[in-house]
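For reference, the structure discussed in these notes is given below.
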Amino acid sequence: MRAYTAGNTDVPLLEETIGHNFERVAARFPFHDALIEAAAVPGGDARRWSYTKMNDDVDRLARALLALGIRKGERVGIWSPNCAEWTLLQYASAKAGAILVNVNPAYRSHELEFVVKQNGMRLLVVAPSDPTSDYVGMARNALDQCPELQQVVFLPDSGVEGLDAGVPQREAELTYAELLKRADAVGHSVLQERMAELDPHDPINLQYTSGTTGFPKGATLTHHNILNNGFSIGELLGYTEHDRVVLPVPFYHCFGMVIGNLAALSHGAATIIPGRGFSPAAALEAVQDFGGTSLYGVPTMFIAELALPDFASYVLSTLRTGVMAGSLCPVEVMNRVISEMNMVDVAICYGMTETSPVSTMTRAEDTLAQRTESVGRTMPHLESKIVDPATGDVVERGQVGELCTRGYAVMQGYWGQPEKTAEAIDADGWMHTGDLARMDEDGYVLIEGRIKDMVIRGGENIYPREIEEFLYTHPDIQDVQVIGAPDPKYGEELMACIILKPGAGQLDAEHLAQFCRGRLAHYKIPRYVEIRDSFPMTVSGKIRKVQMREEAVARLAL
Ligand code: AMP
């Protein structure tokens, strides 16, 4: 049997915009919780939105965007760790028809300015600065460096010690409160007219994912792409208005904003934000305090929660389900989540940003082995196949090849990069994932590894080429290859193998880290540095990264 499957089509795809879908759900469950943000300060109050209140606040924010003159299809960025305003802006931008650009909060000035320029971003909503990230200062620099960026909006610091929202210094800077006041100038009917102009197949979200070209590429996703993917995931998790979904995963990534927000909020369920960044204790406290029925995480998050010294003291009895995704999910961790966290129906999702993201998923009715050892079966309305990477022919079940996905969830393309899009999506509409997988007789998919030389450190995808290109700007570096070295905590750590220019002095990991700090996201800074005289090459002149990795593992005894 050939390694091809198509998902079922029992539940039709939604043919509406994100804004209209939300209004429909809000009208059905007006007084149910939609959004809860756990107290930011000890002893403080959680912030809560019912569906009605959230819809009102989303409308106000959307009218404020219209008041600033934001047109349909213009790019509005958000650069912030998780907070309630992130979710409000996700829905407000969708109602206003602006394309929301998710900016990774770990980015620094170099990456921020690249993204702003790449898509011609008009407005950027910015988190308060914290002791490790001067968001306000870097956003101000971007205003100076990028003429297309006309406005930045500073999110409030909510009275949290160590956060600094910044005081506007010029017309191009606004506080969030000032932005909301602008809404008074735009009536509700103007927003309704804008919403009526939008088509579900319009792009509504840009998510940057690191590319082999050395710089991030913007996956361009429509309402139709992400609303249907989120809705489908919610259906398979059995979400209803009684579910309360705890989200310690980042909103800038589809794990938070699609698998989390869109799945829950298209079903009348509540979304719960435990905090700005991930903390294992805060995640479990949120489950306990707000009666979480579903908990999300990449494998390392669940590992950290299970390892808490006071793990047994948390009341997790309300949990029934959740999602583990993002990288290979160890069977052992899945088993513990099921037995020790009460997440009896937990699912593994597999996918990538370019496919909205989820293309295969386990189901509650699968056997324990299928639910812990595979990434499940093809999602509804999608197709999966496994091909021989050399010939492109579909392989037999059981054979390893490249996993490809086709259907409504495949992105429109990479923003402004048609040639890169054509490399990823073939003429027949198949997205080539670059992941090696096999399909068993029953259609379950097992991930074997990746073709592409991407490094995944703690759930963050890192493309060596991007870092190599940056390191080439160091005056002492002649040549550099970045590889992933195995690491028990993060899965992989970066190693920079460097050939120094003749006469150059010493260059160690600490020196290199100093060179990168403030210019590259912390997770892209190499942990190890190895000085070499040459790199192993193939006869055709390609560097043998696999061999370099093996040598490094042996030398460092990893
Ligand atoms: P991203 O675009 O950041 O979502 O990363 C996509 C990549 O993450 C995929 O191409 C896979 O290599 C990896 N990935 C995502 N989910 C899983 C999973 N459940 N099991 C194994 N690898 C995964």
Side-chain angles (χ1 to χ4, degrees), residues 102-104 106-107 205-212 216-221 225-226 229-230 233 236 249-260 296-302 322-331 333-334 337 346-363 366 370-379 384 386 389 400-405 409-411 414 420 424-425 430-439 444-463 466 484 490-492 521 523-524:
N102 305 358
V103 185
N104 186 336
Y107 276 5
N205 185 214
L206 259 183
Q207 296 188 30
Y208 280 83
T209 166
S210 290
T212 43
K217 290 173 291 194
T220 308
L221 299 159
N225 289 148
I226 58 178
N229 203 243
I233 295 159
L236 295 183
V249 292
F251 287 154
Y252 81 84
H253 190 271
C254 32
F255 202 171
M257 60 141 6
V258 180
I259 307 180
Y296 288 11
V298 296
T300 49
M301 292 181 177
F302 287 107
V323 175
M324 198 184 296
S327 63
L328 288 170
C329 305
V331 176
V333 181
M334 278 295 286
V337 163
V346 63
I348 292 178
C349 290
Y350 161 85
M352 65 196 313
T353 304
E354 289 89 335
T355 60
S356 288
V358 179
S359 54
T360 74
M361 178 170 169
T362 61
R363 322 289 208 261
D366 293 340
Q370 287 164 338
R371 290 176 50 214
T372 56
E373 291 166 18
S374 82
V375 293
R377 285 169 289 159
T378 305
M379 293 290 281
S384 305
I386 295 177
V400 175
E402 184 180 25
L403 179 56
C404 300
T405 302
V410 175
M411 65 169 179
Y414 294 118
K420 292 288 162 210
I425 305 172
W430 287 98
M431 173 78 208
H432 289 251
T433 66
D435 288 312
L436 292 170
R438 79 199 139 85
M439 190 182 281
Y444 289 81
V445 174
L446 295 97
I447 303 294
E448 300 288 340
R450 347 181 251 285
I451 304 177
K452 47 199 179 189
D453 55 2
M454 175 171 87
V455 178
I456 301 188
R457 180 187 178 278
E460 292 281 2
N461 297 348
I462 307 174
Y463 281 82
E466 183 190 357
Y490 292 106
E492 282 179 297
Y523 65 87
K524 294 183 193 166

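Just follow the structure's listing: the first ligand is 1, and inside any ligand the first atom is 1. Count residues from 1 along the sequence.
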Next item on the list: Could you tell me whether Thr353 approaches ligand 1 through its side chain, its backbone, both or neither, with non-hydrogen atoms closer than 4.0 Å?
Entry: both
Check: Does Ile348 reach ligand 1 with a nitrogen or oxygen that is under 3.5 Å from one of the ligand's nitrogen or oxygen atoms?
Finding: no
Note to self: Out of all atoms in ligand 1, which are within 4.0 Å of some heavy atom of Val375? Include the element for each.
What the structure shows: 19 (N), 20 (N)
Notebook entry, point to check: Has Ala219 got any heavy atom lying under 4.0 angstrom from an atom of ligand 1?
Noted result: no
Checklist line | Donor + acceptor pair across side chains of Thr209, Thr353 (<3.5 Å) | finding: no
Check: If you count the atoms of ligand 1 from 1 in the order shown, which ones are under 4.0 Å from a heavy atom of Cys349?
Finding: 16 (N), 18 (C), 19 (N)
Next item on the list: Using the test ring-ring contact (aromatic ring centres under 6.0 Å, His included), find all partners of Tyr444 that sit at least two apart in sequence or belong to another chain.
Entry: none
Item checked: Close side-chain approach of Lys524 to Arg457, heavy-atom, < 4.5 Å -> no
Note to self: Side chains of Met379 and Leu236, heavy atoms from C-beta outward: is any pair under 4.5 Å?
What the structure shows: yes
Note to self: Taking only non-hydrogen atoms of His253, do any sit less than 4.0 angstrom from ligand 1?
What the structure shows: yes
Notebook entry, point to check: Considering distance alone, does some N or O of Thr433 sit under 3.5 Å from an N or O of ligand 1?
Noted result: no
Check: Is there a donor in the side chain of Glu460 and an acceptor in the side chain of Tyr490, or the other way round, less than 3.5 Å apart?
Finding: no
Next item on the list: Tell me, with the steps shown, if Val346 and Met334 meet side chain to side chain contact (heavy atoms under 4.5 Å, CB included).
Entry: CA-CA 8 Å; Val346 63; Met334 278 295 286; 3.7 Å; yes
Check: Is there a heavy atom of Gly326 sitting under 4.0 angstrom from any atom of ligand 1?
Finding: yes
Item checked: Counterpart residues, side-chain hydrogen bond (donor to acceptor under 3.5 Å, both in side chains), relative to Ser374 (two or more places apart) -> none
Next item on the list: Give a yes/no on ligand 1: does Gly434 have at least one heavy atom closer than 4.0 angstrom to it?
Entry: no
